[in-house]
J.: 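Quick one: the structure is below, and I'll ask about it shortly.
Just so it is clear, the structure is predicted and the values come from calculations on it, not from any experiment. Starting from 1, each residue takes its place in the sequence as its number.
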Amino acid sequence: MEKENIAVGLDIGTTKIVAMIGKKNEYGKLEILGIGKSKSLGVKRGVVDNITQTIQSIQQAVQEAENNSGYKIKDVVVGIAGQHIRSIQHSDYISRSNAEEVIGDKDIDLLINQVHKLAMLPGEEIIHVLPQEFKIDGQSEIKEPIGMCGGRLESSFHVVVGQASSIRNVGRCIQSSGIELSGLTLEPLASADAVLSQEEKEAGVALIDIGGGTTDLAIFKDGIIRHTAVIPFGGNVITDDIKEGCSIIEKQAELLKVKFGSAWPGENKDNEIVSIPGLRGREPKEISLKNLSKIIHARVVEIIEQVFAEIKAYGHDDPRRKLIAGIVLTGGGAQLNHIKQLVEYITGMDTRIGYPNEHLAGNSDEEISSPLYATAVGLVMNSIENKTQSAVKFYIPEPEKVPVYRTPVPVPEYNEVVAVEAGENIPVMAKHEESTETKIRRSFFDKYVDKIKDFLDNAE
């Protein structure tokens, strides 16, 4: 029997860490076996800034996923983001000794390895080398060179670069959590795998993943990745603005944003007010929902304008580079009310909310289909492609069958008959035997009740 290909993705976000275990079912869809989620401590704007806290959060998420699924996690594919990520376009070529020989995988690998040797800025490391279009002996726009012949194989590449120290810190956190790192994937690419259809990638689409600490962008055209960017703002700056603008604590600001927040102030009437309990007996605070929406609107406009500047930098205005499928919004920030309408208004492009349900099995939990889990689902899909056995079933030995002896056992003072299983040690307490702690508690309680009685008697 063929071994199951169990895949694990770990999304280390700024607000949450998600460990997801999945496998492909017989229909080729992704079946989620277990999911674990923990509050992300020690990550700021997609970058680890406290290793000890991050390790604890990872362990908590991993433990929960293992308990939910009954699988033990061995290794994970991790998403990487943060403001240190940048992408460059690069062209390279190789000359083949035998032009008559058919081009194979080893030629493509040779070309990609050559790009990996590119000189980077000090402290930077190449994360991904993604081939775009190939050229063989001057013939351009070849998408699949394998099987063709030629002497000079050339390609344009989309190269994703990140800070080496940040990447190593992520690796260190995972290994210290007792698991191995089987792969690194740029988070917007993972989200794109989960929420975009092949037709959208062909037509031209911009995926905007609004997370807690960062907003990630991935642009596709003709089925090829054309541009990636990470903007160092996300849902957390909106929460911070609400906290400052309304003079409330962060927890309350987050709840306000999620429950009553809207990116479009015109939707709220002037008399819509929400009351927030005051701290330590202070008077409750009344906050106008119109003002709340104005605060959110101002920050969301800023984020979207920065993303739109990146879309323009790619060359969206050029008719040949036009993104016909428009924009797909995903991530936790995509759940904000009326954000779709605001994005359409600012960019003038068709927009939809991206749910990772296209690749999920039909019986999947509704919660997993939320835009919140797009990156985690994409990372599991990436892990499946690696064909790694990332998790194994817990081995639980079957309990030995112990014979049960029905013997009447006399119990002090009661003389009742109880059944005792062999091997079981049932402590039998004497009638109303109390522990010292209970006695102290009772005597204290009795004294306290007596005091109240005295007080009431005297009051009369």
J.: Quick one: does I174's side chain get under 4.5 Å of E180's, heavy atoms only?
T.: no

J.: In Å and rounded to the nearest 0.5 Å, what is the CG to CD1 distance from L217 to I85?
T.: 13.5 Å

J.: If you count heavy atoms of other groups shown closer than 6.0 angstrom to CD of E250, is the number above 12?
T.: no

J.: Roughly how far apart are T347 OG1 and L323 CG, rounded to 0.5 Å?
T.: 10.0 Å

J.: Are there more than 12 heavy atoms of other residues, nucleotides or ligands under 6.0 Å from atom CD of Q198?
T.: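 Enclosed: over 12 neighbouring heavy atoms sit under 6.0 Å from CD of Q198.
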
J.: Give me the atom names and distance for the closest heavy-atom approach of I210 to G235.
T.: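 Looking at all heavy atoms of both residues, the closest pair is CG2-N, 4.5 Å.
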
J.: Write down the atom of A19, the atom of A61, and the distance for their closest heavy-atom approach.
T.: CB-O, 3.8 Å

J.: For the pair L10 and M20, evaluate side chain to side chain contact (heavy atoms under 4.5 Å, CB included) and give the outcome as yes or no after the intermediate values.
T.: CA-CA 6 Å; L10 185 71; M20 200 179 265; over 6 Å; no

J.: Do you know which two heavy atoms are closest between M381 and A194, and how far apart they sit?
T.: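 Smallest interatomic distance, heavy atoms only, reads SD-CA, 4.0 Å.
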
J.: Which residue pairs pass the salt bridge (charged side-chain N to carboxylate O under 4.0 Å, His left out) test with at least one member in residues 186-199, sequence neighbours excluded?
T.: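 Qualifying pairs, neighbours excluded: D193-K201.
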
J.: Between the main-chain N or O of L360 and the side-chain N or O of N357, is there a donor-acceptor pair closer than 3.5 Å?
T.: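 Between the backbone of L360 and the side chain of N357 there is no qualifying donor-acceptor contact (under 3.5 Å).
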
J.: Taking the side chain as every heavy atom from C-beta outward, state whether K285 and I248 have any pair of such atoms under 4.5 Å apart.
T.: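 They are in side-chain contact.
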
J.: So, the side chain of D222 versus the backbone of I224: is there a donor-acceptor pair under 3.5 Å, distance only?
T.: no

J.: May I ask you to say whether E200 pairs ionically with R352, meaning some side-chain N is under 4.0 Å from a carboxylate O?
T.: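 Yes.
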
J.: Could you walk me through whether N236 and T14 satisfy the side chain to side chain contact (heavy atoms under 4.5 Å, CB included) test, starting with their C-alpha distance in whole Å, then the side-chain angles of each, then the deciding distance to 0.1 Å, before giving a yes or no?
T.: CA-CA 9 Å; N236 285 5; T14 308; 3.7 Å; yes

J.: Any donor and acceptor pair, going by atom type alone, linking the side chain of K16 with main-chain N or O of L372 inside 3.5 Å?
T.: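 Indeed, once roles are kept as given, a pair shorter than 3.5 Å links the two residues.
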
J.: Output every pair passing salt bridge (charged side-chain N to carboxylate O under 4.0 Å, His left out) with a member in residues 151-167, not counting sequence neighbours, ordered by first then second residue.
T.: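 The answer is R152-E154.
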
J.: Compare all side-chain heavy atoms of Q114 with those of I112 and state whether any distance is below 4.5 angstrom.
T.: no

J.: Side chains of D92 and H90: donor-acceptor distance under 3.5 Å anywhere?
T.: yes

J.: Give a yes or no on this: more than 12 heavy atoms of other residues, nucleotides or ligands lie within 6.0 Å of atom NZ of K29.
T.: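 Yes, the 6.0 Å shell around NZ holds more than 12 heavy atoms from other groups.
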
J.: How many angstroms lie between OG in S38 and CD in Q63, if you round to the nearest 0.5 Å?
T.: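 Reported to 0.5 Å precision, the distance equals 11.5 Å.
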
J.: How long is the gap from CG on L130 to CG on L189, to the nearest 0.5 Å?
T.: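 The distance works out to 6.0 Å.
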
J.: Just grab all the salt bridge (charged side-chain N to carboxylate O under 4.0 Å, His left out) pairs involving residues 125-139, residues at least two apart or on different chains.
T.: E125-R168, E133-R226

J.: Looking at W264, is its backbone amide N or carbonyl O close enough to the side chain of S262 to form a donor-acceptor pair, meaning the two atoms are under 3.5 Å apart?
T.: yes

J.: Can you find a pair of side-chain heavy atoms, one from I12 and one from V78, that are under 4.5 Å apart?
T.: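 The answer is yes, as the side chains (C-beta and beyond) meet within the 4.5 Å cut-off.
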
J.: Can you check salt bridge (charged side-chain N to carboxylate O under 4.0 Å, His left out) on K312 and D317, steps first, answer last?
T.: CA-CA 7 Å; K312 283 179 176 165; D317 297 334; 5.9 Å; no

J.: Taking R45 for its side chain and G234 for its backbone only, find out whether a donor-acceptor pair lies under 3.5 Å.
T.: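 No: the side chain of R45 does not pair with the backbone of G234.
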
J.: Nearest 0.5 Å please: distance from the OG atom of S166 over to the CD atom of E124.
T.: 10.5 Å

J.: If we ignore angles and hydrogens, is there a donor and acceptor under 3.5 Å between the side chains of Q335 and S370?
T.: yes

J.: Going by atom types only, do D209 and T330 share a side-chain donor-acceptor pair under 3.5 Å?
T.: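 Judged by distance alone, the side chains do not pair up.
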
J.: Side chains of I242 and Q252: closer than 4.5 Å at any heavy-atom pair?
T.: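 Sidechains of Q252 and I242: no contact.
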
J.: Could you please spell out the steps behind the salt bridge (charged side-chain N to carboxylate O under 4.0 Å, His left out) verdict for E202 and K221?
T.: CA-CA 5 Å; E202 288 288 340; K221 177 79 177 169; over 6 Å; no

J.: What's the spacing between T54 OG1 and Q59 CD if we round to 0.5 Å?
T.: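 If I round to the nearest 0.5 Å, the distance is 11.0 Å.
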
J.: Where the side chain of H84 meets the backbone of A81, is there a donor-acceptor pair that is under 3.5 Å apart?
T.: yes

J.: Taking atom CD of E26 as the centre, report whether more than 12 heavy atoms of other residues, nucleotides or ligands fall under 6.0 Å from it.
T.: yes

J.: For S40 and G13, indicate whether the former's side chain and the latter's backbone hold a donor-acceptor pair under 3.5 Å.
T.: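 Such a contact is found between S40 side chain and G13 backbone.
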
J.: Does the pair T239 and E254 meet the rule for a side-chain hydrogen bond (donor to acceptor under 3.5 Å, both in side chains), with working shown?
T.: CA-CA 6 Å; T239 305; E254 182 65 29; 2.8 Å; yes

J.: So, for S155 and L111, which heavy atoms are closest and what is the spacing to 0.1 Å?
T.: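 So the minimum-distance heavy-atom pair works out to CB-CD2, 3.8 Å.
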
J.: State, with a plain yes or no, whether a side-chain heavy atom of I295 is found less than 4.5 Å away from one of C246.
T.: yes

J.: Aromatic rings Y314 and H227: how do their planes relate, parallel, tilted or perpendicular, breaks at 30° and 60°?
T.: tilted

J.: Please give me the minimum heavy-atom distance between I384 and A7, naming the atom from each residue.
T.: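 Nearest heavy atoms, I384 then A7: CG1-CB, 3.3 Å.
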
J.: Is the backbone of R321 close enough, under 3.5 Å, to the side chain of H316 for a donor and an acceptor to pair up by distance?
T.: no

J.: Please step through side chain to side chain contact (heavy atoms under 4.5 Å, CB included) for the pair L153 and L110, ending with a clear verdict.
T.: CA-CA 10 Å; L153 176 64; L110 191 68; over 6 Å; no

J.: Given I327, which of L207, I219, I311 fulfils the side chain to side chain contact (heavy atoms under 4.5 Å, CB included) condition?
T.: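 Testing each of L207, I219, I311 against I327, the sole residue satisfying side chain to side chain contact (heavy atoms under 4.5 Å, CB included) is I311.
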
J.: Ignoring hydrogens and geometry, is there a side-chain-to-backbone donor-acceptor pair from D107 to I103 under 3.5 Å?
T.: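 A pair under 3.5 Å: no.
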
J.: If you take all heavy atoms of I108 and P145, which pair is closest and at what distance?
T.: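 It is CD1-CG, 3.5 Å.
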
J.: Under 6.0 Å from the NZ atom of K340, do we count more than 12 heavy atoms belonging to anything else shown?
T.: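 Atom NZ in K340 is crowded, with more than 12 foreign heavy atoms closer than 6.0 Å.
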
J.: Between the main-chain N or O of V76 and the side-chain N or O of S182, is there a donor-acceptor pair closer than 3.5 Å?
T.: yes

J.: Crowded around E272 CD? As in, over 12 foreign heavy atoms under 6.0 Å?
T.: yes

J.: Just so I know, are the side chains of K257 and I238 near enough to count as touching, which here means a heavy-atom distance under 4.5 Å?
T.: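 They are in contact (side-chain heavy atoms under 4.5 Å apart), so the answer is yes.
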
J.: Give a yes-or-no answer on whether the side chains of T375 and S191 include a donor-acceptor pair shorter than 3.5 Å.
T.: yes

J.: So do the side chains of V195 and Y355 get within less than 4.5 Å of each other, counting heavy atoms only?
T.: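 Not in contact.
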
J.: As a quick check of understanding, evaluate side chain to side chain contact (heavy atoms under 4.5 Å, CB included) for Q306 and F233, giving each step before the final call.
T.: CA-CA 10 Å; Q306 286 212 32; F233 297 117; 3.0 Å; yes

